[in-house]
Amino acid sequence: MKPYEIAAEIKPSKRQLEWQKTEFYGFINIGLPTVVNREWTDGNVKAENFVPEKFNAEEWVTFFKNAGFKGMVLNVKHHDGFCLWYSELTDYTVENSFNWEAEDRDMVKMLSEECKKQGLKFGIAISPLDRNVQCYGSGEEYNEYFKKLLREVLTKYGDIFYVRFDGAAEESKNGYTQEYDWEGYYEVVRECQPDAVIALVGPDVRWYGNEWGVIRKNEWSVVPKYYSIEEAIKRSKEPPSRKNKKREKKHEMDLGSRKAIKKESEFIWYPCEVSVSMRDRWYYHKEDEYSAKTKDRLQKLYLDSVGANCALMLGVPPMKDGSFAEMDYQILMAFGKSHKQSYAYKVSSVAEITASSSLSSEYDVKNLMNSDENKTWKPSKDDKEPEIVFTFNEKDMFDRVLMMEHIVNGQHVEEYELYLDTGDGKFKKVDKGGIIGYKRIHKITPTEVMRVKIKITSYRGELELQEVTLY
């Protein structure tokens, strides 16, 4: 088999599928760095300095839902070692924030419960770096401590959909750089939260590689095994190789095309997450106000990430009093309202849909307009450039095409073309695109049409689409 034919047979795990459906989730960083106006602290800032007296779990979760998020990820322990839950393993926790005169200060408990109540998924971020605990840098002793800490937070608060590991490490006071037991950490997650994906330094979700939202033109979920986190950890323990550097530079902007993988033989499903903050930094700093992303910028980020086969994690940093900056709040509320309106009406619901072929009645093209995600369309096997056509009784206007592959069975589409008939009975090619994957949202200038045609000009393996909708 050719490399691209092997790649076409790679499929996601159940946990990866569920994570992909989450699409858009918010990331909260709040803690002692917020108090002292930094991004990192040294582990010596006292716990009682953390006083988010305006924190309200119900208000936070309601805000996130109205902003359009489907999940909330809380950074439960940053590099300073300060824990946002009540721990039996360390005193450096929110429980000892004595100046915060609240009956319950366990933020992980309150937010996880409120997310469950309001139907939002809950996830955590946690750093193995710990500048407070004395055993950091001791090797196995520290790894066992961190695994106990991890087990504690993963077993006390119900279902967790996402665990994000930071890879930061540094020398301890004795000059030893702690070597993390990544495989051991992963085992704890799999045991305690088997349905959770492990991201960033993890085997399930691949970080894009920057924090600015600069995204590849085609982001494949199927990539060579070389890019797995296991292989990356192995390489990190070896002297830098000119061969590896050359390879990574060559494929920086293309990880999955036929050309990029022509010499590969092993592949993995390793989908991409785009992570960006509302502001320049992850924690709240008043001086970052100028950098807050506008509603239009957020809409473009969404199209370039969720609308291009990635998931988007957006950082929303609370202020030290536990409330959100009014500017951030208003921007996200406006984005949420606009986003909901944009996808409220399916223009294609009043059109007739036809195709150049269908594999069988079970895979009829009309399935693309069915809300059941297991109802799909497959063209006949000899249809090398299958086409889908929407026909209206009278002119109608749209500006987006939403397309989804049935990624349960892999990722297949490599290129497609978009044609419009504006009323003269002739199709005119107006644009083209590359991969589809889980979801592709193709934006065009608002146009009145009588017919819309989508032609799949290149695909690998057995093409199977789950949805095509005009908005």
Side-chain angles (χ1 to χ4, degrees), residues 4 7-25 70-71 162 197 199-200 204-210 212-224 227-228 251-261 267-276 298-314 339 343 368 373 376 400-418 431-444 454 456-469 471:
Y4 70 87
E9 295 186 350
I10 304 299
K11 299 172 184 179
S13 67
K14 183 180 177 182
R15 66 175 71 93
Q16 287 172 319
L17 275 170
E18 290 306 309
W19 162 83
Q20 190 89 61
K21 292 175 187 176
T22 310
E23 299 184 348
F24 181 44
Y25 39 98
K70 294 183 181 178
Y162 174 102
V197 292
L200 192 52
D204 298 315
V205 175
R206 171 170 53 89
W207 179 49
Y208 181 77
N210 67 68
W212 308 286
V214 180
I215 299 161
R216 293 180 182 91
K217 185 178 179 181
N218 288 300
E219 193 59 69
W220 284 88
S221 293
V222 180
V223 299
Y227 295 104
S228 69
H251 297 303
E252 204 169 62
M253 296 309 294
D254 181 6
L255 299 183
S257 73
R258 294 191 189 195
K259 181 180 179 182
I261 64 175
F267 300 90
I268 57 170
W269 190 277
Y270 203 22
C272 180
E273 174 190 78
V274 175
S275 53
V276 186
L298 291 178
Q299 288 174 331
K300 187 175 188 308
L301 265 173
Y302 184 90
L303 287 171
D304 289 347
S305 54
V306 178
N309 193 42
C310 301
L312 174 60
M313 182 173 73
L314 183 69
H339 180 74
Y343 298 92
L368 296 177
E373 63 185 36
T376 63
R400 269 152 297 157
V401 185
L402 186 152
M403 298 172 280
M404 298 178 71
E405 290 189 60
H406 193 56
I407 61 168
V408 172
N409 292 325
Q411 184 180 1
H412 307 287
V413 177
E414 297 172 314
E415 292 177 342
Y416 64 87
E417 294 175 345
L418 181 63
D431 212 345
K432 63 180 181 179
I435 62 99
I436 293 177
Y438 167 74
K439 182 175 284 186
R440 166 69 71 176
I441 303 173
H442 193 119
K443 188 89 163 57
I444 66 166
I454 299 155
I456 310 296
T457 54
S458 179
Y459 64 96
R460 56 182 69 164
E462 290 190 16
L463 171 66
E464 185 172 7
L465 297 188
Q466 178 177 308
E467 180 182 343
V468 179
T469 305
Y471 288 96

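Below, all heavy atoms of this structure are taken into account, side chains as well, without hydrogens, waters or symmetry copies.
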Any side-chain donor paired with an acceptor under 3.5 Å for [X] and [Y]?
{"X": "Gln16", "Y": "Tyr438", "answer": "no"}
{"X": "Ser13", "Y": "Asp204", "answer": "no"}
{"X": "Glu467", "Y": "Thr469", "answer": "yes"}
{"X": "Glu415", "Y": "Ser458", "answer": "no"}

(message) More than 12 heavy atoms of other residues, nucleotides or ligands under 6.0 Å from NZ of Lys70: yes or no?
(response) yes
(message) Could you go through Lys443 and Lys300, starting from their C-alpha distance and side-chain angles, then the distance that decides it, and tell me whether this counts as side-chain contact (heavy atoms from CB on, under 4.5 Å)?
(response) CA-CA 10 Å; Lys443 188 89 163 57; Lys300 187 175 188 308; over 6 Å; no
(request) Test Lys21 against Glu18 for salt bridge (Lys or Arg N to Asp or Glu O under 4.0 Å), laying out the working first. (result) CA-CA 5 Å; Lys21 292 175 187 176; Glu18 290 306 309; 3.2 Å; yes
(request) Only one of Glu23, Gln20, Gln466 passes side chain to side chain contact (heavy atoms under 4.5 Å, CB included) with Lys439; say which it is. (result) Glu23
(message) Applying side-chain contact (heavy atoms from CB on, under 4.5 Å) to Ile441 and Tyr302, what does each step give before you reach the verdict?
(response) CA-CA 10 Å; Ile441 303 173; Tyr302 184 90; 4.0 Å; yes
(message) Among residues at least two apart in sequence or on other chains, which ones pass ring-ring contact (aromatic ring centres under 6.0 Å, His included) with Tyr4?
(response) none
(message) Under 6.0 Å between ring centres: does that hold for Tyr227 and Tyr270?
(response)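 Judged by ring-centre distance (under 6.0 Å), Tyr227 and Tyr270 do not meet the cut-off.
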(request) Would you please indicate yes or no on a ring centroid separation below 6.0 angstrom for His442 and Tyr416? (result) yes
(message) Can you tell me which residue among Glu464, Glu405, His406 is in a side chain to side chain donor-acceptor pair (under 3.5 Å) with Thr376?
(response)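 That would be Glu464.
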(message) Walk me through whether Met404 and Glu373 qualify under side-chain contact (heavy atoms from CB on, under 4.5 Å).
(response) CA-CA 10 Å; Met404 298 178 71; Glu373 63 185 36; over 6 Å; no
(request) Applying side-chain hydrogen bond (donor to acceptor under 3.5 Å, both in side chains), name anything that partners Ser305, two or more places apart in sequence or on another chain. (result)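 So Ser305 forms no side-chain hydrogen bond (donor to acceptor under 3.5 Å, both in side chains) with any residue.
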(message) Can you tell me how far apart CD1 (Ile10) and CH2 (Trp269) are? Round to the nearest 0.5 Å.
(response)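 Going from the CD1 atom of Ile10 to the CH2 atom of Trp269 covers 9.5 Å.
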(message) Distance check, rounded to the nearest 0.5 Å: Asn210 atom CG versus Ile215 atom CD1?
(response) 8.0 Å
